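Below: one structure, written as structure tokens.
Just so you know, these numbers come straight off a predicted model, no measurement behind them. Order of appearance sets the numbers: ligands from 1, and atoms from 1 within every ligand.
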Amino acid sequence: MALDGFPILMQGVPLALMKSSTFKPDTPLAQLEWVPRVRLNPLARLGLSTIGDLIGHYPRRYEDRRRFDRFPDTEMEHPVCLFGVVTKTALKRIGGWRRMFEITFENDAAGLLSQPLTCRWFNMPYMQKMIAVGQHLVIFGRPKKKGQRIFIDHPEFETVEDDDEMSIHMNRITPVHPAGDGVSPRLLRNLIFQALACTDLSAIPSLLPASDVLALHDIHFPQTFEHLEAARRHLVREEFFCIQLLIQARRTDWRRLPGTAKTTTGKLLDRLLQSLPFALTDSQIEVIAEIRRDLSAPQRMNRLLQGDVGSGKTLVALAAMLLAVEAGWQAALMAPTQILAEQHYLNFKKFLEPLQIPIALRAAGRTEDTAPLPLFANAEDRGAHASPRAISGVPPENQVRRDAELHTRDAYAPRIIIGTHALLYESSGFDKLGLIVIDEQHKFGVLQRARLIARGDSPDVLVMTATPIPRTLTQTLYGDLDVSTLREKPANRGTVVTAVRETAKLPEVIDFVKKQIARGRQAYIVYPLVDESDKLAVKSATAEFERWRPLLAPYSVGLLHGRMPPDEKEEVAAQFRAGRLAALIATTVIEVGVDVPNANIMVVENAERFGLAQLHQLRGRIGRAEHKSFCVLLHDPKAAEPALEKLAVLEETSDGFEIAEADLRLRGPGDLLGTAQTGLPPLKLGDLFRDAELMKETAALATSVFANDPDLRKTENRALRMFLARSTAKIAASAG
Ligand code: ADP
Ligand code: MG
């Protein structure tokens, strides 16, 4: 037992707790007599079932209870932490059934009564049973001023009891842990204090050479803020190292997959480019070259293509697919929605028919193959991989004369397949699948992606995303992928003017929309149905439609939402594309990929309810042609300040990277890591911005570990190997 931190652990530990026994971290809480039986279930609901769970339950904030804040005499921007006594309580009726519990709270230190403070709790009459006159409390909240009085509404509070546990809770930097029903921060603090004192902390697995013992203690009960910061950095380093190990392991695995070199003269691609009415942007040229290099290398490509909405990713995808096709392979594109798959299909068909390349649509609602086409010319570059078997369309009659008629036969098999998730579940149906393109990859999870990749003939993979990842994070989140970025947009784009307005301006907005429609343009009206999962959604969609139709009369209006049957959806989308509908009343189903260049207006109602990234994505539906475009973000006049700040960002910039950075700044990285798309565990302590340099450091460390020992066979890497095995199992289990 190595307890380096022992002397510190003992500081202030009541004698009763200094038991001789030490426990292993995996000891169930149920076996510890100092954990109250009635708390076992509530603790389990917080995910706390072992003593190690308790120790890994880090505080969400700290209060410096050695020196409390002064009682405020004015409104403040930040919360304060106060110590005082309750001098008055009252339960007041505030109209109807509503009640308010109010206390007067004063600082009685040094016998000087400060200006009293009022704390209020609305509609929580049971508060009356929790707080009484004469009690001492620690209170945490943001003071507001109304008239001459200072209020804190719904503060966090803790009653102070003068018992032998005082030393745990008071006169120190006190941790406040994430609490839950039936588990108060005070209880947690108590339990964690005891857990630290009687656990063999050195048995908690640590992947970094330096021991965690001190850090584990100091993260909960630091002596000074310097100790706290040192502990935090130590544990963040550990946390980031775990993430980097996972990423590097994936990268190493991928590198080992067999691949095939797909070399071409690029003839097909050249013919496509010649047929385009525009020239590629420099970014597009650069990225296509990167992809071509990957395709012609014997390793498998695993590349992320990121580019703002409208930057022309689809064309890059098509170019990549043509390169694969020319090399004798089939290429598939997977889109997240039916509408999008259909649209890609129509779009690609337009480009591919002149080149005489067969293409097929495979979506849940509909499958379609282009009619058998004469062989695309100059197929002599097709290499030895060409398949002897047609998998769909009309089976060729001349199968026997295989060698002589190779070209003709293949003409019946689609070389390019566009599909939705349906592609994932098809058991066969691919014919020498050499390239998979995954569009809007943030809509797919890592495991879904893995599933698609596992099929076929070691296909190369290109994933595309229109949700730009701030530069600072690319390496973290996608360290297992190579990244290409489309930094510029095609030049022929009209500007998009964005205006943020209160809902009251709606009549003026409608006038404006109608004027644009009169000039032949089209409009999107987006209404705020955030959750489309239930039946109510259908009802409210219909109500929205009935509300808007007369407003935009005499122009024809269509309705599009997520709960419509696929063929109805496609019908409406097609009518809008064809210009038969002047406006589309829609939910965010149009967020992704809808491409109608003639539509130049977007009105978003209750824009404050949408996320920044989502609004940017929505706005990407307009400004897709030379017309000047207009985006009006309507908001409730009572919308909260942060929401308005968010809208202001959109008014200022339309650069996806800037918006992504702003989003992270305003919202915090939150669960960015713990999402299905990365398959990485959520962060407990680390801050992707603040600790960016630790991420770099641990990335380098993980890279060198794998460079020296790719299979982690060496004894010193045993713990790492076990960690990876555990994590992989956990990720697989959580994905069902
Ligand atoms: P993204 O998928 O990146 O949002 P798209 O690939 O849908 O963007 O491209 C948006 C529109 O721009 C499409 O209509 C496409 O045909 C067109 N486009 C693509 N590349 C260029 C280019 N280099 N010049 C002009 N228009 C382009
Ligand atoms: Mg796209």
Side-chain angles (χ1 to χ4, degrees), residues 269-270 272-289 291 303-322 333-337 339-355 416 418 437-444 462-469 483-496 521-522 524 573 576-579 588-600 602 613-627 629 631 654-657 659-660:
L269 177 55
D270 288 343
L272 169 77
L273 299 183
Q274 279 154 24
S275 74
L276 292 177
F278 47 74
L280 293 181
T281 64
D282 289 347
S283 275
Q284 283 172 319
I285 293 171
E286 203 176 297
V287 170
I288 292 172
I291 292 171
R303 186 169 284 280
L304 171 73
L305 168 58
Q306 54 173 348
D308 211 346
V309 278
S311 58
K313 292 184 295 297
T314 316
L315 197 62
V316 171
L318 181 57
M321 293 169 97
L322 282 182
L333 182 141
M334 184 166 79
T337 67
I339 294 183
L340 194 50
E342 297 253 1
Q343 188 172 283
H344 279 316
Y345 175 67
L346 294 174
N347 199 4
F348 278 25
K349 206 159 87 167
K350 197 174 66 198
F351 290 123
L352 294 177
E353 262 172 359
L355 302 182
I416 287 187
I418 314 288
V437 181
I438 304 178
D439 193 16
E440 308 297 351
Q441 79 94 31
H442 63 288
K443 304 270 172 177
F444 295 102
L462 177 68
V463 300
M464 308 199 291
T465 179
T467 311
I469 300 131
V483 179
S484 293
T485 305
L486 291 176
R487 298 219 170 269
E488 56 185 331
K489 288 197 189 174
N492 65 337
R493 299 296 155 81
T495 46
V496 179
R521 302 282 84 78
Q522 290 165 282
Y524 297 102
F576 189 66
R577 262 196 297 270
T588 52
V589 286
I590 60 156
E591 167 190 350
V592 161
V594 174
D595 187 14
V596 180
N598 188 50
N600 75 327
M602 172 165 291
Q614 196 173 24
L615 287 168
H616 175 62
Q617 193 77 17
L618 277 168
R619 186 172 57 175
R621 299 311 110 214
I622 57 173
R624 297 177 86 84
E626 64 282 5
H627 322 291
S629 296
C631 175
S654 43
D655 177 311
F657 285 95
I659 290 170

Atoms of ligand 1 close to [X] [distance to a heavy atom under 4.0 angstrom, numbered from 1]:
X    : answer
Q284 : 19 (C), 20 (N), 22 (C), 23 (N)
L280 : 23 (N)
T314 : 2 (O), 5 (P), 6 (O), 7 (O)
T281 : 23 (N)

Check your understanding: After noting the C-alpha distance and the side-chain angles of R521 and N598, does the key distance pass the side-chain contact (heavy atoms from CB on, under 4.5 Å) rule?
Key -> CA-CA 6 Å; R521 302 282 84 78; N598 188 50; 3.0 Å; yes
**Study point:** Intermediate values then yes/no, side-chain contact (heavy atoms from CB on, under 4.5 Å), F351 and T314
**Key:** CA-CA 12 Å; F351 290 123; T314 316; over 6 Å; no
Point to revise | Pairwise side-chain contact, L333 with F348, heavy-atom cut-off 4.5 Å (strictly under) | key: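 Yes, at least one pair of side-chain atoms sits under 4.5 Å.
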Exercise for review: May I have all residue pairs that pass side chain to side chain donor-acceptor pair (under 3.5 Å) and include part of residues 277-287, sequence neighbours excluded?
Suggested key: T281-Q284
Exercise for review: Check each heavy atom of R624 against ligand 1 and say whether those closer than 4.0 Å belong to the side chain, the backbone, both or neither.
Suggested key: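 Contact part for R624 vs ligand 1: side chain (C-beta onward).
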Check your understanding: Does ligand 1 have a heavy atom under 4.0 Å from the side chain of D308, from its backbone, from both, or from neither?
Key ->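 Answer for D308: backbone.
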Review point. Does some non-hydrogen atom of S311 fall short of 4.0 Å from ligand 1?
Key: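 The answer is yes: ligand 1 sits under 4.0 Å from a heavy atom of S311.
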Check your understanding: side-chain contact (heavy atoms from CB on, under 4.5 Å) between L322 and L352: does it pass, once the steps are laid out?
Key -> CA-CA 9 Å; L322 282 182; L352 294 177; 3.8 Å; yes
Review point. Any nitrogen or oxygen of A279, main chain or side chain, under 3.5 Å from a nitrogen or oxygen of ligand 1?
Key: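 Yes, since at least one N or O of A279 sits under 3.5 Å from an N or O of ligand 1.
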Check your understanding: Considering distance alone, does some N or O of G312 sit under 3.5 Å from an N or O of ligand 1?
Key -> yes
Exercise for review: Would you check, one step at a time, whether the test side-chain contact (heavy atoms from CB on, under 4.5 Å) holds for L462 with M321?
Suggested key: CA-CA 10 Å; L462 177 68; M321 293 169 97; over 6 Å; no
Check your understanding: Could you give the distance from CG (D308) to OG1 (T485), rounded to the nearest 0.5 Å?
Key -> 11.0 Å
